[in-house]
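Once you've had a glance at the structure underneath, I'll fire off some questions.
Quick caveat, the model's predicted, so the values are computed rather than measured. Lettering of chains follows the sequences in order, A, B, ..., and the numbering in each one begins at 1.
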Amino acid sequence: MLNIKKIFRNKATKSNHDEFDLSRFKNTERFLNEIGGLSRFTSIFFRELFRPPYEYKEFLKQSYNIGLSTLPLIGITGFIMGLVLTLQSRPVMTEFGAESWLPGMVSVSIIREIGPVITALICAGKIGSGIGAELGSMRVTEQIDAMEVSGTNPMKYLVVTRVIASTIMIPILVLYSDAVSLLGSYIAVNMHGFISLPLFINQAFDSLHYFDLVPATIKTFFFGFAIGIIGCYKGYFSGNGTEGVGRAANSAVVISSLAIFIIDLIAVQLSEIFHVFTM
Amino acid sequence: MIEQKENINNNSFNNGEVVIEIGHLKKSFNGNNVLKDINMIVNEGENVVILGKSGIGKSVLIKCIVGLIYPDSGLLKVFGKEVVVMNSRELNILRTRVGFIFQGNALYDSMTVRENLEFPLRRNKTITDPHVIEGLIVDVLENVGLVDAIDKMPSELSGGMKKRIGVARTLILKPEIILYDEPTTGLDPLTSREISNLILKIQNKYKASSIIISHDLNCAKITSNRMLILHEGIMRAEGTFDELKNSNDEWISSYFKID
Ligand SMILES: Nc1ncnc2c1ncn2[C@@H]1O[C@H](COP(=O)(O)OP(=O)(O)OP(=O)(O)O)[C@@H](O)[C@H]1O
Ligand SMILES: [Mg+2]
């Protein structure tokens with residue numbers, strides 16, 4: 001009797017296990033589906049990219065929107081970033097008697113890593129969610145279908161223009177953010193004694209190499225592309241109703257933020273290898 | 001049913017060409033059989049009204065006609081050509097000849113009324129002169145009685161005005177077939193009647209054939225030359241408004257009861 005009960009209990013726990021495994025599979029399946037869908041979407045994007053007609057006007061409008069809407073935000077965060085980073089690093093540098101290296105250290109960390117990544121993350125929040133919500137609500141209110149039946153390819157008109165605009169605008173925003181950060185850093189350095197702007201710039205750029213600038217700039221194009229394509233993908237295939245729009249905007253931000261870190265990781269590895277080979 | 005079909009043979013549109021031909025059309029979504037066996041035709045110049053309960057698949061049916069949704073199987077010919085096998089170029093040509101008015105208007109809400117109306121003209125590369133385009137826009141807005149709204153945003157328009165702009169956006173390319181998805185739903189009786197009269201006016205002026213999906217009996221009465229009732233995936237009944245209304249079949253006439 002006892003044995004049978006035991007067997008049954010075992011069976012029950014076993015089936016519980018099975019269910020648990022099954023749900024795990026479902027998540028994996030959903031993840032793989034998502035990757036597959038995104039890859040297909042990207043390949044359609046590249047096919048439409050080179051096929052005329054080109055939507056110059058819409059592209060300019062989107063670039064203007066993306067650039068202008070984030071400019072103040074990027075400016076403020078960049079300025080604070082430079083200021084805070086300098087103020088925080090100052091005591092340690094002073095302790096080691098390396099105060100004159102402060103501009104160099106700050107500029108390297110901002111230009112190589114913090115500037116691009118923080119700016120891209122802010123853009124993922126602002127631009128990625130904007131694109132996701134806009135295309136999502138166009139999908140839900142059948143505006144994308146309406147474009148299709150009026151003979152305009154929505155992939156070309158809506159997606160290609162937005163992805164290209166964010167691919168081009170985000171590197172520009174990063175450069176702007178880097179510049180404002182250095183300005184913030186200059187002000188922070190000047191809070192404790194005077195250093196002239198030319199000298200600051202000299203010190204800051206002395207520590208920078210060609211190898212700091214090029215990979216840092218190249219990766220920002222990939223950041224921009226990831227933000228654009230993920231926002232568009234999520235919006236374009238958003239589910240029904242207002243809930244679908246919200247979910248599209250939300251997952252656009254989450255996935256593109258994750259993508260930014262992954263791209264950053266790959267970029268750092270690649271530039272390391274590149275660096276070793278050219279030494 | 002057979003008796004009703006005979007009546008249709010007396011229909012004055014029967015001598016004209018058949019512009020839409022649908023046979024044994026099936027469509028299901030994840031095991032949900034929405035359309036099971038649809039058979040219908042639309043003759044040239046004819047207004048066909050489709051009645052049916054909410055969620056029965058009326059929108060799905062007319063989306064199949066313009067290639068927004070692909071049916072699982074069956075015949076679907078528009079202007080004598082099978083829609084399912086068309087390539088994107090052929091589909092675009094078809095879509096210049098078939099206008100679609102969406103249930104929720106689907107006006108582009110980031111554009112003004114003028115830009116909304118210009119948008120479908122973009123594909124028509126032969127018209128580039130701004131004066132001609134402006135003339136077309138004003139002309140079509142006059143037809144729907146909304147010239148004043150030309151520089152407004154869709155969010156500034158009332159429901160009925162949006163419907164009419166949606167109609168104008170379709171009319172601007174002078175389509176030969178117009179598909180109306182619930183043109184009067186959600187409007188007051190007076191505005192509904194205006195829209196219904198507009199549909200009638202369009203039929204006469206543009207010589208267009210139409211499929212009109214509606215729950216609105218007044219609209220159906222004004223606009224229809226022939227009516228169909230869609231139920232559980234098939235066309236359950238067919239006939240003119242009066243025939244169906246006075247039908248002996250309790251089930252059919254129940255659609256026409258006003259409490
Ligand atoms: N893209 C889709 N994916 C999955 N199911 C769908 C899709 N489009 C429609 N359906 C389903 O098909 C059925 C019919 O929908 P449809 O929109 O055609 O209804 P309708 O007859 O137009 O109703 P209403 O009068 O409310 O507009 C619904 O059950 C709906 O859930
Ligand atoms: Mg519908």
Handout entry: Option passing side-chain contact (heavy atoms from CB on, under 4.5 Å) with Phe31(A) (candidates Asn27(A), Thr28(A), Ile35(A))
Key = Ile35(A)
Handout entry: Charged tip of Arg169(B) within 45° of Phe119(B) ring normal and under 6.0 Å
Key = no
Problem - Interchain contact, Asp109(B) with chain A, by part (heavy-atom threshold 4.5 Å) - result: both
Problem - Ion pair Glu55(A)/Lys61(A), N-O distance below 4.0 Å - result: no
Practice task
Tell me, for Tyr108(B) versus chain A, whether the close heavy atoms (under 4.5 Å) come from the side chain, the backbone, both or neither.
Solution key: both
Fill in the blank from the handout: Ranked by heavy-atom pairs below 4.5 Å to chain A, first place among Leu107(B), Asn105(B), Val66(B) goes to Leu107(B)
Problem - Which atoms of Ile93(B) approach chain A - backbone, side chain, both or neither, heavy atom under 4.5 Å - result: neither
Practice task
Would you please say whether a donor-acceptor pair under 3.5 Å links the side chains of Ser59(B) and Gln103(B)?
Solution key: yes
